[in-house]
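Some notes on the structure that comes next.
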Amino acid sequence: EPEVTQTPSHQVTQMGQEVILRCVPISNHLYFYWYRQILGQKVEFLVSFYNNEISEKSEIFDDQFSVERPDGSNFTLKIRSTKLEDSAMYFCASSEASSGGNRETQYFGPGTRLLVL
Amino acid sequence: AQTVTQSQPEMSVQEAETVTLSCTYDTSESDYYLFWYKQPPSRQMILVIRQEAYKQQNATENRFSVNFQKAAKSFSLKISDSQLGDAAMYFCAYRSARGGAGNMLTFGGGTRLMVKP
């Protein structure tokens, strides 16, 4: 069964460094998402992406964050200058469509655990 | 804005017994989707079950079923014949069905389910 994959599974970085989190969505999916989960807290939406542009973003997704689909398979989240409070689990998700029954269900990757020291 | 509330931070069930996890939500929309996701200790988000708001029939997936009460804005998850592998965090999530790209998921705070052998 197709699945969303994410790399790396764990990332440790120093405050102020740039990190790039990578995701490979399910191949026929057109909508991509990033969520994050700070330890012990609820999962929070960061951004959605469709047709090579951001569709929607939350207040968390400030100028330090950017997303890109550099090729036909990868979807990346970049944090330009990491802060301690960026430490969290970052989940990538994808869906086939944005509406229409099962086609809009979002499937999640296994997450990247980011630790900022 | 939509909100999702899970009032039970922790629940416990004996193996082979039945347990119900509660979820309420607040929305002014009439068409939307509701989901239950499972997050085991690995922290991967796994889709358990989904429900379309326009469907009166409650969704079922093997041992998992929901009680969807649209007027009450309630969406509970029933797990029958609980197994040790069901032990996890369970998140209720809401998604608008409005047209356009990038409809995000709004998550509740989660319920930690423990299964006793």
> Run the side chain to side chain contact (heavy atoms under 4.5 Å, CB included) check on Val67(A) and Phe61(A) step by step: do they pass?
Replying inline: CA-CA 10 Å; Val67(A) 289; Phe61(A) 194 87; 4.0 Å; yes
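With chain B as partner, the option from Lys42(A), Gln41(A), Met89(A) having the largest number of non-hydrogen pairs under 4.5 angstrom is Lys42(A). With chain A as the partner, the residue from Gln39(B), Met45(B), Arg43(B) showing the most heavy-atom pairs under 4.5 Å is Arg43(B). Ranked by heavy-atom pairs under 4.5 Å with chain B, the first of Glu44(A), Arg113(A), Gln37(A) is Gln37(A).
Only the side chain of Tyr35(A) comes within contact range of chain B, judged by heavy atoms closer than 4.5 Å. At a 4.5 Å heavy-atom cutoff, Gln6(B) makes no contact with chain A through either its backbone or its side chain. In this structure, chain A has heavy atoms under 4.5 Å from both the backbone and the side chain of Leu105(B).
Checked against the 6.0 Å centroid criterion, the rings of Tyr94(B) and Tyr32(B) qualify as a close aromatic pair.
Taking the six-membered ring for Trp and thresholds of 30 and 60 degrees, Tyr90(A) and Phe65(A) have ring planes inclined between 30 and 60 degrees apart.
Defined by atom type and a distance below 3.5 Å, a donor-acceptor pair is missing between the side-chain atoms of Thr105(A) and Tyr33(B). Side-chain polar atoms of Thr106(B) and Gln2(B) form no donor-acceptor pair below 3.5 angstrom.
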